[in-house]
Structures are given as C-alpha cells and as structure tokens.
Amino acid sequence: MLCKDKIISIFCLIDDILQGINHPEDVRRHVSDSEIILTAIVSSTSFYGNHCSAIKFMKEYGFIPKMLDKSRFNRRLHKVGRLLYELFETISSYFKDFCCEMQYIIDSFPVAVCKNMRITNSKILKGKKYRGYTASMRNYFYGVKVQLLTTKNGIPIAFHFTPGKTADIKALGKMIDKLPAEASIYGDSAYTDYGLEDFALMEKCVLLKIQRKSNAKRTDTIEQKKEKLKMRKRVETTISDIKKMFPRTIHAVTLEGFLIKLTLFVFGLQLNKAIN
C-alpha cells in the first residue's frame, strides 16, 4: 500500500509532466487526467489492479472526493492509455540523461490471458502467434511477453509487448535504440545474436553483455560469468516485484484494456522505486 506522502508525490510528478508537455485538459471536468492516472497507479500498486477498490479508496480518504464511478473512470483511462507510456518514457529519460545510468538489464516474462484449456474461447486474442513456450518453467502459455529493460538497480526504464511466440532476440534491437552511447546491456542466452552484438558496438557504441551457452562461439571468463549472473538476478527480482502486483487473473474485455493494465503494473513499479 502506497503511503500518503508517496501518493501526493506521484500526483505532483504526473501533473507537472502533463503541464510541461502542454497536455490539453477540459476545464469543465471535475476530475483531471492527472487524477485518473494517479488512481490507476494506486490501483496497480496497492489493489492488484482492481479499479473499484482504488476508486473507493481515493474517495473515502479524501484524495479525490469527486472521483468518477467505475464505468466513467474506465472510459477516461482508455482515452489516456497512450499517455501512460509517454509519461513512463519521460521519467525513464531522467535516469538515462540526467543520472547518466550506463548499465542496463533486459529480460522478458510471459503473461497469459487465459488457461490453455480455454484458448479456443478467448475473445481478447486470436491466433497461433500468441501461443508461446517458457523454457524455464517448461510450459506453454497463451498471451503476450513483456520485454523489460531495467537499470542496474532494478528500475524499469523501457518495455514493450510482443506476441507469446515471438523470440526474445527480436526485441533486443528496439531496446538498443533507447540507450545512450557507451551503455551496456546484460541479458541471458536467449538474446544471443553475434551480428547484432557487432552492429550495436560499431554503430551504436552499445556493449551487449549476453550470457553464453556452453557451446557458444564466443566464451566468457569466470569473472565475466559471475558479473552477468549477478546482473541477471537483479532483473529477475524486478520481474518478481511486478508479478507480485498481479491478481490471480487480469480481467479485461479487450486487448487494449489488457495491455493498459500491464502498462500500469510496470509504470507503477517504476514510480514506486523512483520516488523515495
């Protein structure tokens, strides 16, 4: 549960950013977009994504006395769905540009939209491309992958969604473009691509420090193996922190609503860790 001071700090940060980018706001509204986003963040970080509980909390504790009902809240939240990612990117730029963060870690985790036995009845997703396999858990899932990039301290600074069947290596190229020159990216062996490693170093000045398989053509020293393993554990902790906020089932009627909820979980963790 977020404390009062942190809720106020998050609101001030969101509101300042929206004012800074000249976000248009209807003056006739009793509840601003900043307050809608704040309530959604509180929902993801403190109520397992349950909007009703967050709305009730914000009303009863006087944070937003005129908060909308669930139906109107959801409509407003969908309208600012794209804005959530822009806010996330703005805060991420602070770590990249102002904190001069140079070490990053990439990993992915699956999020199923339904159990395997209910795939044929799924209304949110359709198609074989969403049926993926998780090697570490040795099971199949039907849903999306969250490709996550964090700082060395486990703060999310970039993410995007791919269909469950998409190989992790295809997401790495997009992440390279988001990083400053001379940065390093740590990742597991699923991100192995020697050609991309050479391209990133020569053209982007980004060093890819990928864990090597036993039969890899490029090998690591014992010190390099320890370093990569240590960084790998940090991103696993971050992913674990995100999953702790998940409900047993992420309820959504559309794919857009499903992805908005996933965005809020990642964004919520970023804000929770960034604001002390």
Which residues satisfy the salt bridge (Lys or Arg N to Asp or Glu O under 4.0 Å) test with Arg29, sequence neighbours excluded?
-> Glu25, Asp33
Same cluster for Ile260 and Tyr48 if Ile/Leu/Val/Met/Phe/Trp/Tyr side chains link at under 4.5 Å?
-> no
Which of these passes side-chain contact (heavy atoms from CB on, under 4.5 Å) with Pro156: Val266, Leu271, Leu149, Ile239?
-> Val266
Tyr140 six-ring centre to Arg131 NZ/CZ under 6.0 Å and within 45° of normal = yes
Side chain of Lys145, backbone of Pro163: donor and acceptor closer than 3.5 Å?
-> no
With sequence neighbours left out, what residues match Ala190 under side-chain contact (heavy atoms from CB on, under 4.5 Å)?
-> Asp168, Asp188
Verdict with reasoning, Glu89 to Lys178, per salt bridge (Lys or Arg N to Asp or Glu O under 4.0 Å) = CA-CA 10 Å; Glu89 288 275 276; Lys178 296 179 179 291; 3.6 Å; yes
Is there a donor-acceptor contact under 3.5 Å from the side chain of Asp26 to the main chain of Arg28?
-> yes
Could you work out the complete set of other residues in the hydrophobic cluster of Leu201, with links drawn between I, L, V, M, F, W and Y side chains under 4.5 Å apart?
-> Leu207
Are Glu197 and Arg212 within salt-bridge range, i.e. N to O under 4.0 Å?
-> yes
Which is it for Lys226 and Asp220 under the salt bridge (Lys or Arg N to Asp or Glu O under 4.0 Å) test, yes or no, and what are the steps along the way?
-> CA-CA 10 Å; Lys226 289 181 178 179; Asp220 287 335; over 6 Å; no
Thr39 meets the side-chain contact (heavy atoms from CB on, under 4.5 Å) criterion, sequence neighbours left out, with Ala54, Ile55, Met58, Ile64, Met67, Phe73
Just jot down the side-chain contact (heavy atoms from CB on, under 4.5 Å) partners of Lys213, sequence neighbours excluded, or say none.
-> Ser189, Asn215
Would you indicate whether the side-chain heavy atoms of Arg75 and Leu68 approach each other to under 4.5 Å?
-> no
Under 3.5 Å: donor-acceptor pair, side chain of Arg232, backbone of Tyr186 | no
Check: Lys209 side chain, Ser184 main-chain N or O, donor-acceptor pair, under 3.5 Å = no
Short question: side chain of Lys261, backbone of Gly257 - any donor-acceptor pair under 3.5 Å?
-> no
Please say which of Tyr85, Phe267, Phe109 ends up in a ring pair (Phe, Tyr, Trp, His ring centres under 6.0 Å) with Phe159.
-> Tyr85
Residue from Glu101, Lys273, Arg234 passing side-chain contact (heavy atoms from CB on, under 4.5 Å) with Thr151 | Glu101
Could you tell me whether a side-chain N or O of His23 sits under 3.5 Å from a main-chain N or O of Gln19, the two making a donor and an acceptor?
-> no
Are any side-chain N or O atoms of Tyr94 and backbone N or O atoms of Ala274, one a donor and one an acceptor, separated by less than 3.5 Å?
-> no
Give a yes or no answer on whether the side chain of Glu203 reaches the backbone of Ala200 with a donor-acceptor pair at less than 3.5 Å.
-> no
Can you tell me if Thr166 uses its side chain to pair, donor with acceptor, with the backbone of Thr162 under 3.5 Å?
-> no
Set of residues satisfying ring-ring contact (aromatic ring centres under 6.0 Å, His included) with respect to Phe265, sequence neighbours excluded | Phe246
ring-ring contact (aromatic ring centres under 6.0 Å, His included) between Phe47 and Phe57: does it pass, once the steps are laid out?
-> CA-CA 10 Å; Phe47 297 101; Phe57 173 82; 5.6 Å; yes
